[in-house]
Trainee: 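To start, I am sharing the structure in question, which I have written as structure tokens.
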Amino acid sequence: MRLTVRTMRRIAFAMATTIGVLPSVGSAGPDVLRIAYIDDLSGPLAVIGERGLKHIEFMAERINRSGGVAGHPVEIVPFDNENNAEKTLILLKRAIDSGIGVVSQGASSSIGYAVSDMVTKQYRRQPDRPVVYLDWSNADPGLTNDKCSFWHFRFTLNSDQQTKAMISYLALKSEVRKVYLLNQDYSMGQSVEANLSDGLPKVRPDIQIVGTERVPLGKVKDFAPYVAKIHASGADTVITANFGPDLSLFAKAASAGGLKATLYTFYGNTPGMASALRAEGKGMVNVAEWNSHVKAPELEALAADYKAKNKADFAYWRMALQMIMLQKAVEKANSIQPLAIATALDGLVYQSPIGPIIMRKSDHQVVEPVYVSVFTDDARVDLEGTGFGFKMIGAIDASEVDVPTSCRMNGPKS
């Protein structure tokens with residue numbers, strides 16, 4: 001069996017971490033833009049990290065085929081943090097010590113806080129060796145509010161923005177009258193519940209919140225009792241920020257229990273969900289930055305290229321956006337130095353195929369359009385060979401998710 005370079009690198013990494021020593025990251029020279037990708041590559045959440053790695057490597061390869069970023073090749077250096085904040089900081093320090101000045105992470109907001117804090121402190125300790133943190137997926141609002149950092153840039157909507165988009169769409173749906181909120185019992189689920197409970201009645205006084213429920217994260221195997229409560233409430237709409245098995249198991253239980261309420265989600269389009277749900281998920285509505293039918297030929301071609309290469313569906317628009325905006329920042333700065341990159345990203349506007357996308361100067365939170373789509377068997381793009389996919393039924397302008405921030409940005413000293 002012939003091993004690829006990436007496979008050999010991971011074997012070396014696994015062997016090294018077993019004995020407590022990391023392999024040398026190496027020195028790629030000043031002309032290579034190296035990005036430390038630090039996320040789960042083993043353990044129960046490895047599927048998220050692995051898919052993120054495939055997306056960032058795919059984008060790096062595309063950039064390199066076109067001549068690199070301002071003539072500089074891009075190299076992705078993966079690290080497995082095992083979803084552990086302490087290990088993440090050890091890996092980040094070793095990456096910094098090897099000369100890497102850009103880090104990408106996004107599979108856990110709690111780890112995101114640790115990374116953001118470390119890169120902030122890194123600049124204070126060594127202002128001549130700053131590190132740019134590219135956050136591709138964390139949704140906790142605090143990262144771009146009270147805990148914001150000049151060195152942190154988020155390329156996905158936070159949960160406050162997602163919730164506002166959901167409220168904007170539901171405000172126009174006259175058939176929505178009785179709403180049940182079902183969310184995971186952790187910071188994001190609690191935030192979504194609070195925002196919807198407060199925001200929906202303000203835009204639609206006729207809407208009733210007929211029930212709220214918090215689900216222990218990743219621990220419920222039988223959602224039939226929850227379905228029974230929703231039945232009893234008379235809800236015509238269920239809104240959930242659940243993801244992973246907590247979403248697929250609920251949707252299956254709702255289908256089996258004959259629940260007629262429409263299910264509105266934020267993460268129904270995540271990889272594996274189509275295979276998990278199939279017909280049981282038909283009619284589910286998703287509100288997110290991406291679906292497989294955004295009516296933008298350039299992005300649909302990118303998705304097709306990814307599928308041809310990886311034999312899997314393109315799912316992480318946020319990762320593609322991160323790399324596109326990084327490339328534009330480097331070209332604007334004509335430099336791959338971290339300070340130059342951060343300064344160029346600060347307030348950057350990308351005229352994308354789906355409209356202007358802004359990296360807000362006030363808090364380094366991306367603001368972009370949001371799409372509403374329904375899971376159906378007549379979608380133009382078949383996801384995961386299931387015969388089902390998402391069909392766009394609405395779009396929400398970026399201005400609708402331009403929520404206020406409490407961030408007080410402290411930039412580098414001049």
Side-chain angles (χ1 to χ4, degrees), residues 3-10 12-13 16 22-39 41 52-80 91-106 115 118-120 122-123 125-136 149-153 155 302 305-306 309 319-348 350 359 364 411-414:
L3 298 179
T4 66
V5 172
R6 189 170 114 189
T7 301
M8 290 190 292
R9 184 172 58 197
R10 292 189 187 173
F13 179 87
L22 274 174
S24 172
V25 178
S27 177
D31 292 331
V32 178
L33 175 57
R34 290 187 297 161
I35 302 172
Y37 176 82
I38 307 178
D39 258 316
L41 298 176
L53 179 57
K54 286 183 179 180
H55 280 71
I56 195 172
E57 289 184 332
F58 168 76
M59 293 303 299
E61 289 169 6
R62 283 175 65 91
I63 290 170
N64 288 337
R65 284 200 305 270
S66 66
V69 287
H72 300 278
V74 179
E75 179 187 356
I76 307 302
V77 184
F79 294 91
D80 180 11
L91 296 172
L92 179 54
K93 184 179 185 305
R94 293 180 182 179
I96 295 170
D97 289 346
S98 77
I100 293 178
V102 180
V103 59
S104 177
Q105 179 277 335
V115 174
M118 183 168 175
V119 298
T120 300
Q122 168 65 21
Y123 175 72
R125 295 187 189 113
Q126 294 181 288
D128 59 328
R129 295 183 65 189
V131 176
V132 178
Y133 170 24
L134 309 178
D135 178 348
W136 66 274
S149 167
F150 175 81
W151 304 100
H152 168 267
F153 297 85
F155 295 87
L302 182 148
D305 288 347
Y306 179 88
K309 176 176 176 56
M319 184 66 85
L321 178 62
Q322 169 185 287
M323 296 300 287
I324 292 169
M325 293 188 77
L326 172 64
Q327 181 177 14
K328 292 188 176 299
V330 171
E331 291 170 347
K332 178 181 176 181
N334 194 29
S335 171
I336 58 172
Q337 295 304 310
L339 176 57
I341 292 173
T343 302
L345 276 173
D346 181 48
L348 183 68
Y350 164 40
M359 178 57 69
H364 294 174
K413 297 177 182 178
S414 58

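Source: prediction; values computed, not measured.
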Trainee: Compare every heavy atom of Tyr123 with every heavy atom of Pro412, then report the nearest pair and how far apart it is.
Mentor: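 Looking at all heavy atoms of both residues, the shortest contact is CB-OH, 3.3 Å.
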
Trainee: Please report the C-alpha distance between Asp135 and His152 in whole Å, then the side-chain angles of each, then the deciding distance to 0.1 Å, and finally whether the side chain to side chain contact (heavy atoms under 4.5 Å, CB included) criterion is met.
Mentor: CA-CA 7 Å; Asp135 178 348; His152 168 267; 2.9 Å; yes

Trainee: Any side-chain to backbone donor/acceptor pair from Asn334 onto Ala70? Under 3.5 Å, distance only.
Mentor: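 Looks like no, no N/O pair under 3.5 Å.
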
Trainee: Please enumerate all residues that pass salt bridge (charged side-chain N to carboxylate O under 4.0 Å, His left out) together with Asp128, with sequence neighbours excluded.
Mentor: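 Applying salt bridge (charged side-chain N to carboxylate O under 4.0 Å, His left out) to Asp128 gives none.
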
Trainee: For the atom pair CE (Met59) and CD (Gln322), what is the distance rounded to the nearest 0.5 Å?
Mentor: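 Answer rounded to 0.5 Å: 9.5 Å.
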
Trainee: Would you mind reporting whether Leu134 and Leu326 have side-chain heavy atoms less than 4.5 Å apart?
Mentor: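 Yes. Closest side-chain heavy atoms under 4.5 Å.
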
Trainee: Below 4.5 Å, heavy atoms only, C-beta onward: do Arg62 and Leu302 meet side chain to side chain?
Mentor: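 Side-chain contact under 4.5 Å: yes.
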
Trainee: Apply salt bridge (charged side-chain N to carboxylate O under 4.0 Å, His left out) to Lys332 and list each qualifying residue two or more places apart in sequence or on a separate chain.
Mentor: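 So Lys332 forms no salt bridge (charged side-chain N to carboxylate O under 4.0 Å, His left out) with any residue.
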
Trainee: Any chance you could lay out the side chain to side chain contact (heavy atoms under 4.5 Å, CB included) test for Val115 and Ile38, step after step, and finish with the verdict?
Mentor: CA-CA 10 Å; Val115 174; Ile38 307 178; over 6 Å; no

Trainee: Short question: side chain of Thr343, backbone of Ala340 - any donor-acceptor pair under 3.5 Å?
Mentor: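 A pair under 3.5 Å: no.
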
Trainee: I'd like to know if the side chain of Arg129 reaches the main chain of Ile96, judged simply by a donor and an acceptor atom lying under 3.5 Å from each other, with no hydrogens or angles considered.
Mentor: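 The answer is yes, because a donor-acceptor pair under 3.5 Å joins these two groups.
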
Trainee: Supply the atom-to-atom distance Trp136 CH2 to Asp39 CG, rounded to the nearest 0.5 angstrom.
Mentor: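 Between atom CH2 of Trp136 and atom CG of Asp39 there are 6.0 Å.
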
Trainee: Could you check whether any side-chain heavy atom of Met118 comes within less than 4.5 Å of a side-chain heavy atom of Tyr133, counting everything from C-beta outward?
Mentor: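 They are not in side-chain contact.
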
Trainee: Please report the interatomic distance CD(Glu57) to NZ(Lys54), rounded to the nearest 0.5 Å.
Mentor: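 The distance works out to 9.5 Å.
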
Trainee: Checking side chain to side chain contact (heavy atoms under 4.5 Å, CB included) for the pair His364/Asp346: CA distance, chi angles, key distance, verdict?
Mentor: CA-CA 7 Å; His364 294 174; Asp346 181 48; 2.7 Å; yes

Trainee: Closer than 3.5 angstrom, by distance alone: can the side chain of Asn64 be matched with the main-chain N or O of Val74 as a donor-acceptor pair?
Mentor: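 Indeed, once roles are kept as given, a pair shorter than 3.5 Å links the two residues.
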
Trainee: So which atom in Leu345 and which in Met325 form the shortest heavy-atom distance, rounded to 0.1 Å?
Mentor: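 Minimum heavy-atom contact is CD2-O, 3.7 Å.
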
Trainee: Looking at CD1 of Ile76 and CZ of Phe58, how far apart are the two atoms once the value is rounded to the nearest 0.5 Å?
Mentor: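 Output value for this atom pair is 13.0 Å.
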
Trainee: Is there a side-chain contact between Met319 and Tyr37 in this structure, where contact means two heavy atoms from C-beta onward sitting under 4.5 Å apart?
Mentor: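 A side-chain contact under 4.5 Å exists here.
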
Trainee: Hey, can you tell me if Phe153 and Phe155 have their rings parallel, tilted or perpendicular (30° and 60° cut-offs)?
Mentor: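 Answer is tilted, since the angle falls between 30° and 60°.
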
Trainee: Rounded at 0.5 Å granularity, tell me how far CG in Leu92 sits from CD1 in Ile100.
Mentor: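 Answer for the CG-CD1 pair, Leu92 versus Ile100, is 9.5 Å.
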
Trainee: List the residues meeting side chain to side chain contact (heavy atoms under 4.5 Å, CB included) with Pro338, not counting sequence neighbours, and say none if there are none.
Mentor: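 By the side chain to side chain contact (heavy atoms under 4.5 Å, CB included) rule, Pro338 matches Pro130, Val132.
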
Trainee: Can you list the steps and then say if Trp151 with Leu339 is a side chain to side chain contact (heavy atoms under 4.5 Å, CB included)?
Mentor: CA-CA 9 Å; Trp151 304 100; Leu339 176 57; 3.7 Å; yes

Trainee: Quick one: CG on Leu348 to CD1 on Ile341, what's the gap to the nearest 0.5 Å?
Mentor: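 That separation rounds to 12.0 Å.
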
Trainee: At their closest point, which heavy atom of Gln327 faces which heavy atom of Ser66, and how far apart are they?
Mentor: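 Scanning both residues, the minimum pair turns out to be NE2-OG, 4.3 Å.
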
Trainee: Going by an N to O cut-off under 4.0 Å, is there a salt bridge joining Asp97 and Lys93?
Mentor: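 Yes, Asp97 and Lys93 are salt-bridged.
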
